[in-house]
Number of protein chains: 2
Amino acid sequence: MAQTKRDQDRAEKRDEIIAAARTLFIETGYEDTSISRLAAAAGVAPNTIYWYFKDKDEVLVAVLDAEFSDGMAEYLQLPVTDAAERLFWVVQRLERVSRLVSTVHSRLEASEAINLWHERFHTISEGILRVSLQHAGLSSDRIETRTKISVFTMEGLLAHPMSEADKRIICRELVTA
Amino acid sequence: MAQTKRDQDRAEKRDEIIAAARTLFIETGYEDTSISRLAAAAGVAPNTIYWYFKDKDEVLVAVLDAEFSDGMAEYLQLPVTDAAERLFWVVQRLERVSRLVSTVHSRLEASEAINLWHERFHTISEGILRVSLQHAGLSSDRIETRTKISVFTMEGLLAHPMSEADKRIICRELVTA
DNA sequence: GGATCGCCTTGAATGACATTCAACAGACAA
DNA sequence: TTGTCTGTTGAATGTCATTCAAGGCGATCC
């Protein structure tokens, strides 16, 4: 069990780095958060980060996993049943991490790890959205197309600021047959 | 007129740098094209670039202007009248420069110049799209919303690879009342 | 209890990058 | 000829992600 204790310490330290990165990446941005700054926030030397992560992108993936898992938990507990409102909630929730969204898209080419995470994220999100649209009563032959349009539109809403009212109208239109 | 000759020389050299940047940014990507590489391609020393442009982002803006102006000229001469096909053409055309599209989005925060260009681009594009959608017979109270959905969807199509057939179906759906 | 092993940490490189600086060349004007 | 303005450049500067080599320290074995 000694090995397990070691593993636990290791996991804890890793989590501390992820926690620091989470705040910094979301508030300051990924590009503007240097490994030095991240290390300082986590209370270690810059190169210590590389003992726990292969590179900076892998830190980002860990942050994304943590953030996605939290967001998903919140989504599953939503009391709202109206499809348009659920869509709107997701947009608002994602807006908090809109910096990460745009970072992920900009690093797709450069990092295989980010690319994999992104694909997995889209698969899961589209699956959920598909159910939402079926529930909203869309004809089945258009579900696939409308799912993709909805995902892309939501990404657009995140990248381009807009009033809450406009966002609501757009979400409503997305689930209208 | 001596001053004018000078200005012309200056404009020509600037254009040579833009031409080199255009190829490199599109084929290699903005981030992966260092000022050194760009300078080598243009046949000058790296710091000479800074005599003609304030910074790397300003080179990008010049490339975007050139590319947009060419694309717009092609669009205006399109023989196709079907709204969905015109949309599809735009997506295919923009795909050639999809790297630039994602670079612009990732640099919105960092560069005011890019931000301005992006806003201008959206204003113009949405204007054209609005006309297209009106032409396709959409009810006027939904035009605004559908315009935004269409723009965002087209951006999504650029960022996420997909078969031509799927893209066609999505473009068709966008202009369907 | 002392030697050994492997996990962890770090100071100090390395190489790439965008950008700036100071010096210098050549054309034109006085 | 002298001086000024436009261009050009080699050589910094400071920042970044990442790597390397050296060592500390706790657990394990004798």
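Every chain is numbered from 1 and lettered A, B, ... according to where its sequence line falls, protein lines coming before strand lines.
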Student: Check each residue of residues 15-29 of chain B for a non-hydrogen atom within less than 4.0 Å of any atom in DNA chain D, then write out the ones that pass by number, or none.
Tutor: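 Those residues: none at all.
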
Student: Atom CD1 of B:I49 to atom C1' of C:dA18: distance rounded to whole Å?
Tutor: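 The answer, rounded to whole Å, is 12 Å.
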
Student: With rounding to the nearest 0.5 Å, note down the distance linking CZ in B:R146 to CG in B:L138.
Tutor: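 Interatomic distance, B:R146 CZ to B:L138 CG, rounded to 0.5 Å: 5.0 Å.
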
Student: Tell me if the aromatic rings of A:H160 and B:H122 count as close, with their centers under 6.0 Å from one another.
Tutor: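 Judged by ring-centre distance (under 6.0 Å), A:H160 and B:H122 do meet the cut-off.
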
Student: Counting distance only, does the side-chain N/O of A:T153 pair as donor-acceptor with the main-chain N or O of A:I149 below 3.5 Å?
Tutor: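 Confirmed, A:T153 side chain pairs with A:I149 backbone.
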
Student: Would you please indicate if the ring centroids of B:Y30 and B:F25 are separated by under 6.0 Å?
Tutor: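 Yes.
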
Student: Let me know the distance between CZ of A:R37 and P of D:dC16, rounded to the nearest Å.
Tutor: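 Distance check: A:R37 CZ to D:dC16 P gives 9 Å.
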
Student: Which word best sums up how the rings of B:F121 and B:W117 line up, parallel for under 30°, tilted for 30 to 60°, or perpendicular for over 60°?
Tutor: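 B:F121 and B:W117: parallel rings.
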
Student: Grouping I, L, V, M, F, W and Y whenever their side-chain heavy atoms are under 4.5 Å apart, do A:I124 and A:V63 come out in a common cluster?
Tutor: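 Looking at the clustering, A:V63 is in the same group as A:I124.
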
Student: Given atom CD1 of A:I35 and atom C1' of C:dG15, what is their separation to the nearest angstrom?
Tutor: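 Going from A:I35 (CD1) to C:dG15 (C1'), I get 17 Å.
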
Student: Which atom pair, heavy atoms only, marks the closest approach of A:E27 to A:R99?
Tutor: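 Distance-wise, the nearest heavy atoms are O-NH1, 3.1 Å.
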
Student: For the pair made of CZ in B:R14 and P in D:dT6, what is the distance, rounded to whole Å?
Tutor: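 In whole Å, D:dT6 P lies 16 Å from B:R14 CZ.
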
Student: In terms of hydrophobic clusters joined by side-chain contacts under 4.5 Å, are B:I170 and B:V80 together?
Tutor: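 No, it is not one cluster - the side chains of B:I170 and B:V80 are not joined through contacts under 4.5 Å.
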
Student: Identify, residue by residue, the members of residues 50-58 of chain B with a heavy atom below 4.0 Å from DNA chain D, and return them in order of residue number, or none.
Tutor: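 Per residue number, the list reads B:W51, B:Y52.
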
Student: Heavy atoms only, 4.0 Å cut-off, all strands: where does A:T48 land among base, sugar-phosphate and nothing?
Tutor: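 If one applies the 4.0 Å heavy-atom cut-off, A:T48 turns out to touch a base.
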
Student: Tell me the interatomic distance from A:E31, atom CD, to C:dC17, atom P, rounded to whole angstroms.
Tutor: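 Going from A:E31 (CD) to C:dC17 (P), I get 16 Å.
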
Student: So if I take every side-chain heavy atom of A:K13 and compare against C:dT9, C:dC17, D:dC16, which nucleotide ends up nearest?
Tutor: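 From the listed options, C:dT9 comes nearest.
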
Student: Within this structure, what is the CZ-to-P distance between B:R10 and C:dA27, rounded to whole angstrom?
Tutor: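 Nearest whole value for this atom pair: 18 Å.
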
Student: In whole Å, what is the span from the CG atom of A:L38 to the P atom of D:dT18?
Tutor: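 Nearest whole value for this atom pair: 12 Å.
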
Student: Can you name the salt bridge (Lys or Arg N to Asp or Glu O under 4.0 Å) partners of B:D70, sequence neighbours left out?
Tutor: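 Salt bridge (Lys or Arg N to Asp or Glu O under 4.0 Å) list for B:D70, sorted by chain: B:R22.
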
